[in-house]
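Residue numbers begin at 1 in each chain, while the letters A, B, ... track the order of the sequences. Owing to the predicted nature of the structure, the values given are computational and were not obtained by experimental measurement.
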Amino acid sequence: MNVRLSQVQYLFWKEVRQLTRNQVAMLTSLLMPAFLLVLAPLLALLASRTSGYGPVSVPALTARLPGFEAVRTAQDYFLYETLPLLFVLVSLLTPMLVAIPTLIVERERRSLELLLALPVLVDDIVAAKLAAILATAVATTLSMFLVDAVVILTLTPAGTAYVVGTAFLVFSTLVASVGGSLLLGLMARDVRTATMRGALFCVVPLFLTGLCIVAVPGTARFWVLGVLMLGLACGAVSTGLRLLTYERYVV
Amino acid sequence: MEFAIEFHAVSKRFPGGAVALDNATWRVETGSRVCLLGPRGAGKTTTIRILQGALRPTGGSVTLLGVSVLGPGYREARRRVGIVPQVAGMYTDLSAGEYLALAGRLYNRNPDPATRALDLHEYLHARMSELSASFQRRLALAVALVGRPEVLLLDEPTAGLEPLAASDLLVYLDRAMEDRTALLCTHSSAEATQLCRRIIPMRAGRVVDEAAWEDERRLKPRLRLSARQGPDRLLAELDNLSRHGEADGESVLVEVTDPREEAAELVGALVRAGVDVYECSPVSVPVEVAGAEAPP
């Protein structure tokens, strides 16, 4: 990839400016994490402290799975089985929601021509777009994750190791999703196809999430899953650069 | 003799198998104004895409200002080139001034002289999408001029414009092309002859032999067609009817074997396709290509 940082920087701010002015993109990328990442966990964790919630009886066969060995209460179940899935889901979807106006609509409306007319290479344009998608997704998702972190540290016995592990998972999933967005931008010709393919791109990461939740014990699951997500990101970017090439994006 | 642009045996084949350029060889002398003239599918936009580094040729070599488009010095050469793209979609969330400012930062130049040259200073706060089509093209031309380019690439700059707006833009284009190398890609022979000193005719990705092309134009009888929807729609429908047309101002010239026999049939087919044809007449005097030079 042949990029020049100064050029990418100017294009990056142009993308961020357009994203922040795009009310639909900002609302969807803020509301979805707000519900799934703040409201749902907060309510669930508050509810798990009430008297109606207590020990859970995990079926004997399930209890033998390494991922369930620490699960004793409803709160454990939420923290170790449900919440990681929510983290992954939000971190996968937020960048893709931002990627659609940034990558797909730009091409669909032919405004990409305006960028190609500037003294930059396609590499610069794509790098700036991916950086803007990641920055916007990190700003919205990680800021809301901080609320979760405070709630988890104050309301639950899960310590710093849990919060650091899930933070790594959220960040690595955001990176994986940005890699997937690159593939999406190269493969989907319009918003409709992008929406359908975007959902398909979530299948593998969600399957890996389910696998890690049941197969990896304790907080190690976050690190294992995070590394797998980074692997997916590398695979997506490498496929995008080597097999699909940017010609698909500009033609 | 120095050449600003050189295409040597250039081919471009897309993954689906479509051939956009087929062994095209031509070059543009530094400081000259040259037109790539051809109908849709001639390979004009692919040529621009290769020169702007967005597409890689599958065969042959392309040099821009003496540097290969695939080589290490290309990025610097690219900064010395201004490009006016074919009908671009305009941003709904950026103003004309913001787009010009972005170009200024990328070229590291003040965009004000280009803004003034294109008389855009009153429209800097307008959203790009709210500008009229004519002002949108002027904005694209202004951005191409921000870097004071040595080479100007113009891809169908007047396509889709009303006749009056197109003729207004031609004045700006003529001024912009002064004292620099310019490559105009168009399907309009009138525009080509008005703006350029030399014409390189292209068809189906190949450069047509200039002399043979001239002979063909003189010998073949043609019909002049005009329609309410304009030449672009006419050309599109003629393409659907597998007929070769060439824009000539607001009309389209269509090659025929026998004008008397074919005129009624052709007009009937166009009317059935929803095109309101208001003029159809045989062309007896050929359109001359003023100042055409020998091919390289």
> Taking all non-hydrogen atoms of both residues, which atom of A:L114 and which atom of B:Y99 are closest, and how far apart?
Replying inline: O-OH, 2.8 Å
>> A quick test of your reading: do over 12 heavy atoms of other residues, nucleotides or ligands sit less than 6.0 Å from CZ of B:R109?
In response: yes
>> Heavy-atom cut-off 4.5 Å, strictly under: side chain, backbone, both or neither for B:R56 against chain A?
In response: both
> Hey, are B:R75 and A:D123 close enough for a salt bridge, meaning a charged N less than 4.0 Å from a carboxylate O?
Replying inline: no
> Where does B:T46 contact chain A at under 4.5 Å (heavy atoms): side chain, backbone, both or neither?
Replying inline: neither
> By a 4.5 Å heavy-atom criterion (distance strictly below it), what part of B:Q136 contacts chain A: side chain, backbone, both, or neither?
Replying inline: neither
> So which of B:I48, B:L94, B:V81 has the biggest tally of heavy-atom pairs under 4.5 Å with chain A?
Replying inline: B:L94
> Would one find more than 12 heavy atoms of other residues, nucleotides or ligands at under 6.0 Å from atom OH of B:Y107?
Replying inline: yes
> What distance do A:L19 atom CG and B:D93 atom CG have between them, rounded to the nearest 0.5 Å?
Replying inline: 8.5 Å
> Taking only residues two or more places apart in sequence, or in another chain, which ones meet B:D119 in a salt bridge (Lys or Arg N to Asp or Glu O under 4.0 Å)?
Replying inline: none
>> Below 4.5 Å, heavy-atom pairs only: which of A:E108, A:R109, A:Q9, A:K14 has the largest tally toward chain B?
In response: A:K14
> Do you know which two heavy atoms are closest between A:E113 and B:Q86, and how far apart they sit?
Replying inline: CG-O, 4.2 Å
>> How close do A:L116 and B:R78 get, counting heavy atoms only, and between which atoms?
In response: O-NH2, 3.0 Å
>> Under the side-chain contact (heavy atoms from CB on, under 4.5 Å) test against A:L118, which residue among B:V146, B:V143, B:I83 passes?
In response: B:V143
>> Given heavy-atom pairs under 4.5 angstrom as the criterion, report whether the side chain, backbone, both or neither of B:R79 touches chain A.
In response: both
> Of the non-hydrogen atoms in B:L106 and A:P119, which two are nearest, and what is the gap between them?
Replying inline: CB-CG, 3.9 Å
>> Need one label for B:A140: side chain, backbone, both or neither, based on atoms under 4.5 Å from any heavy atom in chain A.
In response: neither
> Given a strict heavy-atom distance threshold of 4.5 Å, which part of A:R21 is in contact with chain B: side chain, backbone, both, or neither?
Replying inline: side chain
> When you look at CZ of B:F14, are more than 12 heavy atoms from neighbouring residues, nucleotides or ligands closer to it than 6.0 Å?
Replying inline: yes
> More than 12 non-hydrogen atoms from neighbouring residues, nucleotides or ligands closer than 6.0 Å to CD on B:Q229, yes or no?
Replying inline: yes
> Is it the case that more than 12 heavy atoms not belonging to A:R110 sit under 6.0 Å from its CZ atom?
Replying inline: yes
